[in-house]
Amino acid sequence: MAALDGAVKKALPQKPSAALASAVKAAPEGDDWLHEIKFDGYRILARLHKGDVQLISRNGNDWTRKFPEIRHRLEKLAVQDAILDGEIIALADDGTSSFRNLQEALSARDTRGLVYQLFDLQHLDGYNLAAVPLQQRKEILHQLVNAANTDDASPLVRYTDHIRGHGPEFFGQSCRLGLEGIISKKIDSHYRTGRGTIWLKAKCANQEEFLICGYTRPNGGRKGFGSLLLGAWHGDELVYTGRVGTGFSQNLLLSLYERLRELTSEECPFPSPPENEVGVRWVTPTLIAEVEFTEWTRDGVLRHSSFRGLREDKEPAEIQLPEAAPQHAQVKKPKAVAQTAKGAQTAKGAQTAKVAQTTEAAQTTKVAQTTNVAPATKKARVNQAEVAGVRLSNPDRILFPDQGITKLHLAQYYEDIAEWVLPLISNRPLSLVRCPDGRTGECFFQKHPRTVISEAIPRVDIPEKEGTKPYLYVTALPHLIGLVQAGALELHVWGSRVDKLEQPDQLVFDLDPAANVSLKEIFRVAFELKQRIEDLGLATFPRITGGKGLHLVVPLVPKLEWEEAKNFCRAIAQQAASDDKTRLTANMAKSKRHGKTFIDYLRNGRSATAIASYSTRARPGAPVAVPVSWDEVNDSLTPNRYTLENLRRRLGALQSDPWQEFEEARRPITSKMLAKAGLKKT
DNA sequence: GAAAGCG
DNA sequence: CGCTTTCAACGCTTG
DNA sequence: CAAGCG
Ligand SMILES: [Mn+2]
Ligand SMILES: [Mn+2]
């Protein structure tokens with residue numbers, strides 16, 4: 001150690017402090033930067049002294065007792081004394097870290113699944129390493145962690161790897177994967193505590209911390225609070241920054257509500273109270289909420305905000321108004337008189353009149369949008385909303401309880417991504433999975449609209465065995481919102497369009513892995529099938545389904561009718577299966593699938609459907625089916641990694657549509673192809 | 001979610 | 001009138 | 001043919 005350049009003999013500090021990263025818009029270029037994935041957890045310094053371990057939070061509190069397993073693991077590190085720097089996270093199977101899961105683990109006192117990701121080393125065995133170049137500090141740390149983990153397949157304490165250079169590419173790739181962002185560090189830098197410019201953070205979405213300053217009463221049937229009112233310090237003035245009403249599970253919402261009730265205050269904490277906030281309960285601003293949002297409106301409030309968790313490791317005074325916030329709101333003088341919540345009118349009558357969420361800034365997307373909470377008139381119209389001109393009943397009904405995602409939020413999701421979803425879903429007959437009481441309620445499949453669904457959504461009559469039946473299809477955003485109003489959580493589409501129903505314009509090969517098939521194997525199978533289809537002269541585009549598998553979608557010029565098309569698909573699937581009998585089957589029977597991947601070619605029948613691109617799934621985690629490009633099909637991808645909560649990060653980072661070439665790649669199925677697939681010419 | 005049925 | 005009940009797919013494969 | 005499948 002003494003031989004190490006920069007190491008200085010020094011006593012172990014009693015109260016170590018951490019280096020902090022400064023926010024930047026883009027990742028730095030050049031080989032003199034190292035880049036790490038940004039974790040979504042708690043920043044923790046570990047102080048090791050003669051077998052004794054102390055875990056210290058960002059604001060200097062002793063959190064050792066919160067993480068007994070990690071403490072125990074650190075006690076076994078082969079060091080006399082050390083200061084380690086890292087982040088404690090809840091690590092999911094797909095390699096992502098979730099702050100929500102971390103907090104749930106902490107409040108349930110079940111911290112066994114948590115992992116300590118170490119990325120720096122301040123002090124080791126009598127020497128201060130602050131002046132040792134970063135790369136060397138990380139090498140020493142790496143060896144230390146490796147030596148301790150030799151016989152551990154799933155270690156609790158891990159070394160955090162980095163890539164050198166290629167910052168902008170790494171950042172783009174991280175965002176396309178739906179991650180939070182990256183941290184960039186100067187390769188030869190010393191360890192400097194406090195905020196500096198040698199550690200930089202680039203984020204994939206707007207995410208900031210705000211003080212919880214109040215809450216609204218819940219709307220019909222809901223418990224606890226409806227949404228939180230947020231603020232931040234601007235100098236010594238507390239400024240209102242908007243509300244957040246999604247992102248909490250039921251449990252979290254109720255426990256947060258208990259804490260807020262103890263903080264309730266008669267007095268509005270804002271010198272300039274927000275306008276039109278009726279029936280708000282104010283609280284003393286002490287709790288800190290981490291919030292993700294799409295943008296600031298011109299009024300200086302958050303748009304599309306979503307709660308990510310409570311920060312227990314910061315001080316309220318640290319919460320300053322971000323520089324990106326428009327100055328507008330602070331200048332504005334109060335119009336409305338501050339209300340102290342007194343159960344005025346009926347409980348339900350305490351309805352927020354209008355959220356400051358439709359401003360000019362909010363109107364800039366391609367698709368016309370109007371997202372309003374309707375004014376409370378008397379009592380009849382209470383609790384209704386409108387999106388894209390379509391009336392939503394029960395906008396506050398929770399459809400995904402673990403995420404607190406409501407019907408209004410689902411409608412806003414489709415409004416937000418309309419330009420992505422509409423080209424891929426328009427003019428195709430639909431089947432729906434409806435869950436009017438949410439994902440965990442009773443769900444059912446629906447093919448025919450009957451009375452349930454808005455007359456404004458177009459129908460096409462399709463001949464069936466006996467007579468002709470109506471099917472829904474969409475051509476525009478309001479139709480999608482109409483489906484949301486009906487409680488549709490999954491949209492499944494035909495492989496043909498309403499103007500050419502009998503001739504498919506796309507095929508779907510649905511790869512359904514058995515439970516114990518690894519991702520690697522699914523993807524290997526997918527590439528082999530891709531090759532097989534390309535050899536026939538057709539293109540394939542991959543789509544992760546939001547469930548467990550993957551689709552290969554084949555663009556066609558409509559020519560053959562359904563029966564011939566399906567025969568073609570069956571021949572391909574059976575050929576693939578017979579060439580790889582151990583890993584594949586073309587037999588739908590579950591008993592024949594054990595340990596294998598089923599090539600479900602049966603999506604390619606008349607009236608068969610497949611999940612639509614960008615449709616949500618009625619599954620845990622609020623996943624979404626997402627078109628990807630073939631070069632994204634690798635170890636980083638999982639079939640359900642994109643969700644209602646993180647898809648926006650991906651779309652924002654995409655340089656181009658991963659299915660950009662889809663239209664140009666259309667080809668008819670020729671008799672040559674049929675012959676090559678082993679079918680007789682027609 | 002919405003219409004029909006029931007007390 | 002308000003509360004409860006009912007309904008919301010189906011064709012093809014497989015053994 | 002009934003049962004299973006998505
Ligand atoms: Mn599937
Ligand atoms: Mn399938």
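As a basis for the values below, the full set of heavy atoms in this structure was taken, side chains included, without hydrogen atoms, waters or symmetry mates. Every chain is numbered from 1 and lettered A, B, ... according to where its sequence line falls, protein lines coming before strand lines.
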Give one of base, sugar-phosphate or nothing for D437(A), where a contact means two heavy atoms less than 4.0 Å apart. nothing
Among dA2(B), dG11(C), dC10(C), find the nucleotide with the atom closest to the side chain of S393(A). dA2(B)
Between P of dT13(C) and CZ of R606(A), the distance in whole Å: 15 Å
Could you check which of dG11(C), dT14(C), dC12(C) has an atom nearest any side-chain atom of K566(A)? dC12(C)
Look at the side-chain N and O atoms of H448(A) and state whether any lies under 4.0 Å from the OP1 or OP2 oxygen of dC10(C). yes
dA2(B) to dC10(C) separation - C1' atoms, rounded to the nearest Å: 23 Å
For K592(A) and dG15(C), is the shortest distance between a side-chain N/O and OP1 or OP2 below 4.0 Å? yes
With the threshold set at 4.0 Å, does a side-chain nitrogen-carboxylate oxygen contact exist between R641(A) and E632(A)? no
Quick note, M588(A) side chain, CB onward, closest among dG11(C), dA8(C), dT13(C) is dT13(C)
Among dG11(C), dC7(C), dA2(B), find the nucleotide with the atom closest to the side chain of R450(A). dC7(C)
Measure from the side-chain heavy atoms of F444(A) and tell me the nearest of dC12(C), dA8(C), dA9(C). dA8(C)
Using a cut-off of less than 4.0 Å, is there contact between a side-chain N or O of N587(A) and OP1 or OP2 of dT14(C)? yes
Is D635(A) paired with K520(A) through a side-chain N to carboxylate O contact shorter than 4.0 Å? yes
Applying the side-chain contact (heavy atoms from CB on, under 4.5 Å) test to I544(A), which of N640(A), T638(A), L637(A) qualifies? L637(A)
Checking contacts here: which listed nucleotide (dC12(C), dA9(C), dT13(C)) is nearest the side-chain heavy atoms of R570(A)? dT13(C)
Any salt bridge between D416(A) and R303(A), counting N to O under 4.0 Å? no
dT13(C) C1' sits how many Å from I599(A) CD1, rounded? 16 Å
Of all the choices, dT13(C), dC10(C), dA8(C), which nucleotide is nearest to the side chain of Q446(A) once you look at every atom? dA8(C)
Under 4.0 Å, heavy atoms only, any strand: does E442(A) hit a base, just the sugar-phosphate, or nothing? base
Without decimals, in angstroms, what is the distance between R593(A) CZ and dT14(C) P? 11 Å
Give H492(A) one of three labels, base, sugar-phosphate or nothing, depending on what nucleic acid heavy atoms sit under 4.0 Å from its own. nothing
Leading and trailing nucleotides of DNA chain D with any atom under 4.0 Å from heavy atoms of chain A: dG4(D) to dG6(D)
For the C1' atoms, the ones on dG4(D) and on dA9(C), what distance do you get once it is rounded to whole angstrom? 15 Å
Whole angstrom is fine here: how far is it from CG in L472(A) over to C1' in dA9(C)? 13 Å
Going by the ring-ring contact (aromatic ring centres under 6.0 Å, His included) test, name the single residue among Y215(A), F293(A), F248(A) that passes it with F307(A). F248(A)
When you get a sec, tell me which of dA2(B), dG11(C), dT14(C) is the closest nucleotide to the side chain of Q485(A)? dA2(B)
Looking at V628(A), V633(A), N634(A), which hits side-chain contact (heavy atoms from CB on, under 4.5 Å) with W630(A)? V633(A)
What I want to find out is whether R308(A) reaches E645(A) closely enough, with some N-O distance under 4.0 Å, to be called a salt bridge. yes
Where the side chain of K447(A) is concerned, which of dA9(C), dA2(B), dG11(C) is the nearest nucleotide? dA9(C)
Should D505(A) and R428(A) be marked as a salt bridge (Lys or Arg N to Asp or Glu O under 4.0 Å) after you check the CA-CA gap, both sets of side-chain angles, and the distance that decides it? CA-CA 10 Å; D505(A) 73 337; R428(A) 299 179 182 282; 2.9 Å; yes
For E464(A) and dC10(C), give me the distance from atom CD to atom C1', rounded to whole Å. 8 Å
Interatomic distance, D600(A) CG vs dG11(C) P [rounded to whole Å]: 17 Å
What is the distance from CG of D510(A) to P of dC12(C), rounded to the nearest Å? 18 Å
When the distance from CG of L602(A) to P of dT14(C) is rounded to whole Å, what number comes out? 7 Å
Heavy atoms under 4.0 Å, any strand shown: does A586(A) hit a base, just sugar-phosphate, or nothing? sugar-phosphate
Decide, yes or no, whether a salt bridge links E292(A) with R648(A) under the criterion of side-chain N to carboxylate O below 4.0 Å. no
